[in-house]
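Only heavy atoms go into these numbers, but all of them, side chains included; no hydrogens, no water, no symmetry mates. All figures in this text were calculated on a predicted structure; none of them were measured in a lab. Here is how names work: the chains are called A, B, and so on, in the same order as the sequence lines, proteins then strands, and each is numbered from 1.
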Amino acid sequence: MSANRLSGLFVSLFGLALFFIVIPFDTEAVDYGWVRPATVPSAAAVVLTIAGAVLAIAPSGTTDLSRREFGRAGIYLALAASAVFLLQHLDFLIVAPAFALILMLLIGERRPLWLILGAGAGPGLIWFAATQLLGRPLP
Amino acid sequence: MVDLATILAGLGDAFSPINLLFVLGGVVLGQFVGALPGIGPVMAMAIAIPFTFVLDPLPAIAFLIGVNKGGLVGGAIPAVLINTPGTPDAAATALDGYPLSKRGKPLKATKMALYASVTGDTFSDIVLITVAAPLAVVALKTGPVEILALMIFAFSIIAGLVGDSIVKGVIATALGILCATIGLDPEHSTPRLYFGFFELYDGLPLAAVAIGMLVVAEILRRLAAMQGEMRPPLPRKDTQVAADRRVSLAEYWGCRFTMLRGAAIGTVLGALPGIGSTAAGFMSYAAAKQASKDPESFGKGNIHGIAATESANSAVVGANLIPLLTLGIPGSVSAALIISAFMIQGIQPGPLLFEQQGRLIYGLFGAMIMANLVNFWVGQLGLRFWVRVVRAPESIVFSTALLLCIVGVFMSTGGLFGVSIMLIAAAVGYVMHAFGYSVIIFIIAFFLGSRFELSLSQAMVILDGKPARLIEHPVALGLLLLALLSIYWLGVRAPRKQRQRNANG
């Protein structure tokens, strides 16, 4: 099955799940007015279901899929998510340099000067701009 | 209409030293990030928005406008020097800019790009200033039914023109509107689709979604495409003779018709929703080549090619604000970001802006003109420095940009919940792009979603729930028919013709 058909099928099923499960469960029922809380979300779900089905039946457009790139993007996203998780418990000035350093090493940067600048000066400048110049607290 | 005193007061605000400083800062930042391959003005604007919360509306929006304008100038530099456009808008600039650079005239190429960019930008700003106020007066005469029809028409055009499949465009639009419905509904104020997260009562945070989808997803895509290799250093040759380091007045004057044509194309396309500056650049390039007496020289370093593309893609910036300021409908993603900046500052874009915020709008116009002058001077002085910026390693650029995104969203949403939303939006944006769904359409629909629902609600009250009463609103009816026609034209007819052309070889 082509990527377009697959995505069309997914969108269509997503639309159905929204219409029959998510929207009724998570939207309050109101019995007055022309446009009720569920009207626009339900309409969007119907459009998703129909358009997804059309795409699954008659695929159109291009895709740019690469399993390897998906995997790499997932690693970078997981790294960012870990940094956000750690920011709940540790100070910005501890997490941010470590995050920048690991990210730069993962990208393939090995030059010491750039590593020091990226992991030291970058987060330091951001911290300075946010807390000292703008007067906003950071985690 | 806005009275003369308000106009003068607005222009006075624009020319205040503090405002000048923010315009200058925006232009410098824009040119800097534009010159970095991988970070364009849209990314820079999205990252900068949370940092403008602490500012007054005029400096904040003037700063963002400066970033946008500066970014377009900066984006041409890597296109010319290393054939890697800093922004998609500059892709056409590389066609002649890079060959001219290879012939040993990189400064001439970058300066021509700068002059053409400022010329095109100023042209479209003048058009914006001239037509926006009268158009807003006309727009004020429209009611919710017409606004709703106009939004449906805009969605149909954007879905048809952005991306290569109208079905995917419709899906992205529906997803954007669906995400905009999270939180309290505008008519009954009852919470919906918040899944127990009380932080979502006010809806998904604009900054988190915009930064996640436009910036973090793009960084992820670029990081994933890199395979551990670092960009090789750019060879620097400084052996150009004086005549090759500048654009003479005769050369600039010789390009006047090319630049005017480009500016006109950019202005017209910029005023229409969905057609971005990349399309304007390529269209202007094709028109210049067709009009040239020496079309064979295009693609080999003809400065008319650079002038055509840069004047057109920069002219889109001012024209993009025409539908934004008169109707409250953003025609592009950068206009959508400006709308979010307006909304964050508590200002609702639309025709009422001229009545309620006339001073701010004329301040904005003044800031735009000033940004063009600043763009010119910063470009003149900074070109040599930006040439070095092109060589900055991507590792440091992307790690710093990601940290800025986290900090920016943390500051704008006041907690890490917003940052988590940003990461989810980034993952969704990455997957959408991989499967060919336009993130730009999603963002525009997301930004317009709440207004769409409100207009629908008001329109249904006016029509008493009877669509047949649309006959009493001929303008709305005409717009809805145009929407149907554009879906047929862009979604059925054009692809069929394309298939026939492909079949015929």
Side-chain angles (χ1 to χ4, degrees), chain A residues 3-4 7-8 11 18 22-23 26-28 30 33-38 40-41 44-45 47-48 51-52 54-55 60-65 69-70 72-73 76-77 80-81 83-84 87-88 92 96 99-100 103-104 107-109 111 114 117-119 122-123 126 129-130 134-136 138-139, chain B residues 51 54 163-168 170-171 173-175 177-178 181 185 187-188 190-195 216 220-221 223-230 393-396 398-400 402-404 406-407 410-411 416 419-420 423 426-427 430 433-437 452-453 456-457 460-461 465 495:
Chain A
N4 272 328
S7 77
V11 168
L18 279 172
V22 180
I23 295 171
D26 220 41
T27 306
E28 281 188 30
V30 174
W34 294 109
V35 180
R36 295 171 188 181
V40 173
V47 172
L48 287 175
V54 170
L55 191 63
S60 59
T62 52
T63 55
D64 179 19
L65 291 168
E69 287 186 11
F70 253 90
R72 270 197 229 118
Y76 291 122
L77 194 65
V84 172
L87 280 171
Q88 293 175 340
F92 177 82
F99 168 69
L103 185 65
M104 290 174 79
I107 294 171
E109 184 59 78
R111 291 167 289 186
W114 290 118
L117 273 175
I126 293 169
L134 299 175
R136 308 290 292 268
L138 285 181
Chain B
F51 292 89
V54 289
D164 53 2
S165 158
I166 196 163
V167 182
K168 288 181 178 176
V170 169
I171 290 172
T173 309
L175 269 177
I177 291 176
L178 181 74
T181 62
D185 92 279
E187 191 171 345
H188 304 88
T190 59
R192 58 185 171 183
L193 302 174
Y194 70 105
F195 308 106
V216 182
L220 287 177
R221 196 158 43 251
L223 288 177
M226 288 168 69
Q227 295 182 332
E229 80 279 19
M230 290 291 106
E394 286 149 318
S395 56
I396 202 165
F398 290 137
S399 61
T400 310
L402 266 179
L403 278 177
L404 277 170
I406 292 172
V407 169
F410 177 84
M411 284 184 357
L416 288 169
V419 183
S420 309
L423 292 182
Y430 184 87
H433 183 270
F435 281 93
Y437 297 93
F452 175 80
E453 189 170 8
L456 176 68
S457 171
M460 290 305 281
V461 171

Please tell me if the side chains of [X] and [Y] come closer than 4.5 Å, counting only heavy atoms from C-beta onward.
{"X": "A/Leu87", "Y": "B/Ile406", "answer": "yes"}
{"X": "B/Pro393", "Y": "A/Arg111", "answer": "yes"}
{"X": "A/Leu77", "Y": "B/Tyr430", "answer": "no"}

At a heavy-atom separation under 4.5 Å, does [X] approach chain A through its side chain, its backbone, both, or neither?
{"X": "B/Thr181", "result": "side chain"}
{"X": "B/Leu175", "result": "both"}
{"X": "B/Phe435", "result": "both"}
{"X": "B/Phe51", "result": "both"}

Short question: side chain of B/Lys168, backbone of A/Thr62 - any donor-acceptor pair under 3.5 Å? yes

Which atom names give the shortest non-hydrogen contact between A/Arg36 and B/His188, and what distance separates them? CA-CE1, 3.8 Å

Looking only at B/Thr190, B/Asp185, B/Leu403, most heavy-atom pairs under 4.5 Å shared with chain A are made by B/Leu403

Hey, which of B/Arg192, B/Glu187, B/His433 has the most heavy atom pairs under 4.5 Å with chain A? B/Arg192

With sequence neighbours excluded, residues passing side-chain contact (heavy atoms from CB on, under 4.5 Å) with A/Ala83: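 Only A/Val95, A/Phe99 meet the side-chain contact (heavy atoms from CB on, under 4.5 Å) criterion with A/Ala83.
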
Looking at residues at least two apart in the chain, or sitting in another chain, which of them share a side-chain contact (heavy atoms from CB on, under 4.5 Å) with B/Val461?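 For B/Val461, the residues satisfying side-chain contact (heavy atoms from CB on, under 4.5 Å) (neighbours in sequence not counted) are A/Trp34.
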
Side chain, backbone, both or neither: which part of A/Leu138 has a heavy atom under 4.5 Å from chain B? both

Contact part of A/Leu103 toward chain B, heavy-atom cut-off under 4.5 Å: side chain, backbone, both or neither? side chain

Given side chain to side chain contact (heavy atoms under 4.5 Å, CB included), test B/Tyr437 with A/Val11 step by step and report yes or no. CA-CA 11 Å; B/Tyr437 297 93; A/Val11 168; 3.8 Å; yes

Show, in sequence, the C-alpha distance, side-chain angles and deciding distance for A/Glu109 and B/Ile396, and conclude whether the side chain to side chain contact (heavy atoms under 4.5 Å, CB included) test is met. CA-CA 9 Å; A/Glu109 184 59 78; B/Ile396 202 165; over 6 Å; no

